Amino acid sequence: MLNKIYLDYAAATPIDPEVIKAMTPYFREGFGNSASLHSFGQEAKEVLEESRSIIATALAARPKEIIFTSSATESNNLAIKGLLLANREKSGHIITSLIEHDCVLNSIKWLEQMGIRHFAASKIPVDKYGLINPGDIEKAIRKDTVLVSIIHANNEIGTIQPIREIGKICHKKGVYFHTDAAQSFGKIPINVNSMNIDLLTASSHKMYGPKGVACLFVRKGIKIEPLFHGGGHEAGLRSSTTNTPAIVGFAKAVEICHREMEKESKRQTKLRDKLIKGVLTEIDGSYLNGHPQKRLPNNANFRFEFVEGESIVMRLDAFGIAASTASACSSPKLEPSHVLLAIGLKPQEAHGSLRLSLGKWTKEKDIDYVLKVLPQIIKKLRDISPFKH
Amino acid sequence: MYTKKVMQHFRKPHNYGKIRKPDGIGKVGNIVCGDVMWLYIKVGKDKKGEEILEDVKFETFGCVAAIATSSVVTNLARGKTLNEATDINKNEVVKHLGGLPPIKIHCSILAADALAEAIYNYLSKNKRPISTKLQKRHKRLEQERMIIEEKYKDWTKEP
């Protein structure tokens with residue numbers, strides 16, 4: 001049996017056994033609907049509020065500022081559409097970047113297509129490391145700007161943005177600031193107050209919690225329109241029967257990640273840097289995508305000349321290693337990743353991209369194995385390729 | 001996503017590499033996704049004295065499907081007469097792979113085109129008659145090749 005090595009933690013993580021243990025009682029005993037008056041409902045309600053409080057504390061927020069949703073995609077949709085729709089009578093300019101997740105960019109595209117009055121969007125470029133210059137945001141803010149939405153740490157290249165500075169500018173100019181922290185929450189410290197954040201998206205399944213649950217932090221006093229209309233759950237902002245077991249699991253995952261953050265962040269950074277150094281020295285024509293230091297502790301993203309990403313991923317898979325690529329061949333539209341193009345790569349350079357994302361169960365010997373196998377794979381694919389050194 | 005057959009050809013591609021002094025080369029690329037295939041042929045004669053493809057090899061920069069379709073098309077073309085080989089189409093390539101995901105069908109077209117281009121190259125170098133159909137095909141593919149060559153010029157420069 002092949003020993004499998006999972007290096008795609010940025011896509012999905014296995015659930016921590018401690019999380020499963022915390023969730024289990026809420027499938028059968030504590031299954032009640034948190035909106036019900038009887039003891040079953042009240043038990044669910046109680047644990048729901050406990051969970052809300054745990055997550056709020058981790059962000060330095062107040063429990064009432066946390067809205068549970070089903071995914072980071074939903075949270076980002078709710079933040080952007082909800083805020084713009086709530087302000088539609090007054091103004092409607094939004095600023096975002098060229099390296100946001102598709103759910104942010106497509107929410108904006110939808111608002112454009114719907115012909116919302118006053119709606120306009122500006123997209124800020126990034127440098128070759130994927131970093132935003134906060135000064136560019138300051139320049140882009142107009143009188144009618146309502147919201148700035150910037151991803152905290154990029155899902156592909158892992159670059160961490162100067163969120164605190166961007167938030168400071170937004171507040172100076174009286175503009176709301178939203179950040180998509182789906183990849184960063186639980187991995188690096190976040191404080192919504194000191195970082196000047198008004199809305200924040202966080203997701204459970206990127207941090208060893210269950211899929212199908214996420215949250216949106218909305219600072220007290222900020223009005224947003226709900227996307228779902230129904231029984232008025234989550235203070236009327238997200239109607240739907242509460243997914244109690246998943247929310248309990250999310251809260252437990254948050255608790256564990258924050259307990260282990262310092263240690264895990266150090267350990268994974270060390271492994272990440274060993275991987276990066278190893279790949280760049282062992283393989284000619286290999287480059288790092290993203291910033292060498294200002295990146296998530298668990299993210300390594302490379303590109304290799306003369307070979308294509310899907311082929312690398314599928315050859316790694318044959319060796320039991322799970323990784324990911326943003327090559328055009330792997331995209332449903334056959335287009336290279338907008339993130340890699342935004343950092344200045346040519347389409348053919350983006351073609352050979354490979355993301356390896358580490359997690360708390362990644363061991364040093366896993367990295368050693370990748371460093372042994374990957375150079376052979378790249379060599380073999382280059383033997384097949386018409387382009388060579 | 002991929003059939004067993006596709007994965008077999010991808011893991012152990014048949015006939016990859018260059019042919020020294022080839023009789024014809026077909027260079028094609030997909031202008032959307034950016035995959036590139038170069039296909040080399042060596043022409044010989046069968047017992048009846050008819051020209052056949054004695055050797056066919058490929059070099060491909062692309063995904064699993066691009067490599068697997070290249071491998072299959074070289075297999076299919078070997079030993080065939082020039083006319084037979086020109087008629088190999090995407091359906092035949094896809095059939096031999098036990099199917100391809102719809103989004104990857106264009107790879108099988110690319111493989112068949114690379115072969116047709118190599119044959120065109122051979123016929124035109126030797127000033128032989130070329131069917132109108134093949135000429136038309138070549139015209140279209142040549143335009144695409146120029147776009148692709150421009151795109152990859154940094155990688156094809158002689159050191």
Side-chain angles (χ1 to χ4, degrees), chain A residues 2 11 284-287 303-338 340-341 344-354 373 376-389, chain B residues 1-2 6-18 25-40 57-71 74 101-107 110 114 145 147-159:
Chain A
L2 195 64
D284 281 351
S286 65
Y287 305 88
R303 64 182 192 276
F304 302 96
E305 277 178 340
F306 316 130
V307 294
E308 187 279 328
E310 187 200 84
S311 288
I312 308 172
V313 166
M314 295 303 274
R315 284 204 172 240
L316 281 169
D317 192 50
F319 283 94
I321 301 166
S324 127
T325 176
S327 127
C329 296
S330 67
S331 113
K333 287 179 288 177
L334 294 177
E335 281 167 6
S337 133
H338 64 275
L340 298 180
L341 296 182
L345 298 195
K346 293 176 186 159
Q348 64 268 32
E349 291 172 327
H351 222 42
S353 76
L354 178 75
V373 165
Q376 299 168 29
I377 288 175
I378 301 298
K379 187 189 173 300
K380 174 80 182 179
L381 289 172
R382 282 179 181 164
D383 284 347
I384 299 171
S385 172
F387 306 118
K388 318 210 185 279
H389 285 288
Chain B
M1 170 176 183
Y2 287 121
V6 171
M7 290 312 291
Q8 281 168 1
H9 276 281
F10 168 65
R11 282 192 195 133
K12 289 201 163 80
H14 305 173
N15 317 314
Y16 71 85
K18 278 188 172 63
I25 307 180
K27 293 185 175 181
V28 295
N30 184 300
I31 51 173
V32 182
C33 69
D35 282 358
V36 174
M37 286 181 198
W38 291 2
L39 195 134
Y40 307 83
K57 283 193 169 173
F58 78 91
E59 290 182 306
T60 290
F61 166 64
C63 65
V64 172
I67 291 172
T69 53
S70 308
S71 168
T74 56
I103 196 168
K104 300 288 188 181
I105 294 294
H106 70 274
C107 299
L110 199 60
R145 180 175 58 83
I147 299 171
I148 288 284
E149 273 182 1
E150 175 63 28
K151 209 168 158 180
Y152 291 99
K153 63 172 190 260
D154 294 349
W155 287 2
T156 44
K157 268 186 243 153
E158 291 299 322

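Values in this document were obtained by computation on a predicted structure and should not be read as measured data. Per chain, numbering begins at 1; letters A, B, ... match sequence-line order.
- The environment of NZ in B/Lys18 is crowded: more than 12 heavy-atom neighbours from other residues, nucleotides or ligands sit within 6.0 Å.
- A heavy-atom distance below 4.5 Å is not found between the side chains of A/Glu335 and B/Cys33.
- A donor-acceptor pair under 3.5 Å is formed between the side chain of A/Arg315 and the backbone N or O of B/Phe10.
- Contacts of B/Met37 with chain A are absent, with no heavy-atom separation under 4.5 Å from either backbone or side chain.
- For the pair A/Ser311 (side chain) and B/Gly62 (backbone), a donor-acceptor distance under 3.5 Å is present.
- Counting heavy atoms from C-beta on, the side chains of A/His351 and B/Asp35 come closer than 4.5 Å.
- Using modelled atom types, one finds no donor on one side chain facing an acceptor on the other under 3.5 Å when comparing A/Lys346 with B/Tyr152.
- Contact check for B/Pro13 versus A/Ile384: side-chain heavy atoms found under the 4.5 Å cut-off.
- The residue among B/Cys63, B/Gly34, B/Ser70, B/Ala65 with the most heavy atom pairs within less than 4.5 Å of chain A is B/Cys63.
- When side chains are defined from C-beta on, A/Glu310 counts as touching B/Lys104, because their heavy atoms get closer than 4.5 Å.
- Between B/Trp155 and A/Phe306, the ring planes lie perpendicular to each other; the angle is over 60°, past the 30° to 60° tilted range.
- Only the backbone of A/Ser331 comes within contact range of chain B, with heavy atoms under 4.5 Å apart.
- For B/Lys27, no part lies under 4.5 angstrom from a heavy atom of chain A.
- Using a 4.5 Å cut-off on side-chain heavy atoms (C-beta onward), B/Ile67 and A/Leu381 make contact.
- Residues A/Gln348 and B/Val36 fail the side-chain proximity criterion, which asks for heavy atoms closer than 4.5 Å.
- In this structure, chain A has no heavy atom under 4.5 Å from any part of B/Ala66.
- A donor-acceptor contact shorter than 3.5 Å is absent between the side chain of A/Glu308 and the backbone of B/Phe61.
- Between B/Glu59 and A/Arg382 no salt bridge is recorded (no basic side-chain N to carboxylate O distance below 4.0 Å).
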Apply side-chain contact (heavy atoms from CB on, under 4.5 Å) to the pair B/Met7 and A/Met314, showing each step before the final yes or no. CA-CA 9 Å; B/Met7 290 312 291; A/Met314 295 303 274; 3.9 Å; yes

